[in-house]
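Note that ligands are numbered from 1 as they come in the structure, with each ligand's atoms numbered from 1 the same way. Residues take their numbers from the sequence shown, with the count starting at 1.
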Amino acid sequence: MKILFRNPAQILTVDTKGLHYKRGKELSDIGVITDHSILVENGIIADFIANSSITKTTADRVVDLDGGFIMPGLVECHTHAAFAGSRSNEFRMRLKGASYEEIAKAGGGITSTMHAVRSSSFEELVKLLKPRINHFISQGVTALEIKSGYGLSYYDEIKLLQVINYFRKKSAIEIIPTFLGAHTYPPEYKNDHKQYLDLIITELLPYIIKNKLAYHVDAFCEATAFSAGEVDKIFTKAKKLGYKLRLHTEQFNKVGGLDIALKHHALSADHLEVISEEDIPKLAKSNTVSVLLPGVSLFLEHEYAPARELISHGAIVALSTDYNPGSSHIPNLHLIMQLAALKMKMSVEEIISAVTINAAKAVDLNEKIGSIEIGKQADFAVFRAQDYSEIIYNIGINLNMYTIKKGEIIYHNPEFQ
Ligand code: NIG
Ligand code: FE
């Protein structure tokens, strides 16, 4: 089946010349093509065809993009979207001056969502997650990572991963599950960290990969969560079992997490709001993606990660919402892109690379998705605009017209029908 996506105002290829990521200056080159259409064959990008040479026999089906621009489907590479309950009470406490860390220490925060998740059934969690996934799809997201980390017991972590995997099999888009059992110590192990670490290392890690519930492991390395030494133990075992690694690190305090992420060649180091100046070149030279989460800085009124310094040292920078009920209750990747521009001074082109090919690298799918290159999966977002700057300039409006997965339109914005 040959489908022609005809007549886009622009094609943003985010071409990497076969490298499948962009570092430093390369983020600025998003390979804009005009006067061409894209031919997709059996879900794979087959060719770019000059509009002047299109004939009747070029395709079985034609989708007229009618003046919109087409780009790789957005990749949302860091979310905690599988949660229950609300933390609006904590939000109100923060508005009155309490800090996120104080609330966590007083038994709120991640632990409060943990209670809500533990008391929810598989079916209830499915019902909560479904519209959240659909909301990302409506923005042009074609791959979505979702972490566990709110169960924090053998039974409840597996339950959450089963919920995420239900959508991995059923959803029109790629869902990437990540095991985040090391999110925080649950109350029953507060005074016995060793026993919770043992549960993760000797029981959960082997069970989860054996049952194909996740291939990526994440942890929260922070003064109020897991120490660098504890993460090192988890990562050492996880790597032996065949997992790829991610790490929440340098969010509030520097406790040695970045060195552990680099030592284990993690796919990504996420947050980095308080990364030290000396550490920037170390991370920038590595193949570990710097996943920046400016929604957290907005939501917690916290400092922003040093995007400019990371890029000028050559880092592979990606952006994501970190969508979760406590530190970034923001399920909107477009807003994150806008914050990256306004608050972190990233250029429009750098932002586009950061939510496509580099985000795909953070979830280890960059050889298959994240750019419009011949041979890659035909995952696209089509925006109703003549020029791609419009998606940063228009705040609070969803300009996404079509979300396309493997060449099929899976979402058509009713506002543009
Ligand atoms: O990425 N930093 C740790 N975890 C999440 C917050 C989770 C929560 O507050 O529920 C984050 O910010
Ligand atoms: Fe997070």
Worksheet item: Under 6.0 Å between the ring centres of Phe83 and Tyr323?
Response: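 Yes, they do, as the ring centres are separated by less than 6.0 Å.
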
Item to complete: Kindly say whether the aromatic ring centers of His183 and Tyr150 come within a distance under 6.0 Å.
Response: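 Yes - the distance between ring centres of His183 and Tyr150 falls below the 6.0 Å cut-off.
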
Discussion item. Taking non-hydrogen atoms within less than 4.0 Å of ligand 1, which protein residues qualify?
Written reply: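 Protein residues near ligand 1 are His78, His80, Arg87, Tyr100, Ile110, Tyr150, His183, Phe220, His248, Gln251, His271, Asp322, Asn324, Gly326, Ser327.
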
Worksheet item: Can you tell me how far the CD atom of Glu273 sits from the OG atom of Ser297, to the nearest 0.5 Å?
Response: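 Rounded to the nearest 0.5 Å, the CD-OG separation comes out at 4.5 Å.
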
Worksheet item: Which of parallel (below 30°), tilted (30 to 60°) and perpendicular (above 60°) describes Tyr196 and Tyr189?
Response: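 Geometry flag for Tyr189 against Tyr196: tilted rings.
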
Worksheet item: For Phe122, does the CZ atom sit with more than 12 other heavy atoms under 6.0 Å from it, leaving out its own atoms?
Response: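 Yes - once you tally the heavy atoms of other residues, nucleotides and ligands closer than 6.0 Å, there are more than 12.
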
Worksheet item: Does the side-chain hydrogen bond (donor to acceptor under 3.5 Å, both in side chains) test come out yes or no for Asn287 and Arg23, once each step is laid out?
Response: CA-CA 9 Å; Asn287 278 332; Arg23 60 166 77 241; 2.9 Å; yes

Practice prompt. Enumerate the residue pairs fulfilling side chain to side chain donor-acceptor pair (under 3.5 Å) with a member in residues 93-111, sequence neighbours excluded, ordered by first and then second residue.
Written response: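 For residues 93-111, and leaving out neighbouring residues, the side chain to side chain donor-acceptor pair (under 3.5 Å) pairs sorted by first residue read Glu101-Asn253.
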
Worksheet item: Which angle, to 10 degrees, forms at the Fe ion (ligand 2) with NE2 of His248 on one side and NE2 of His78 on the other?
Response: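 That angle is 90°.
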
Discussion item. Suppose we only count N/O/S atoms under 2.8 Å; would Asp322 qualify as near the Fe ion (ligand 2)?
Written reply: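 It does: Asp322 brings an N, O or S atom closer than 2.8 Å to the Fe ion (ligand 2).
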
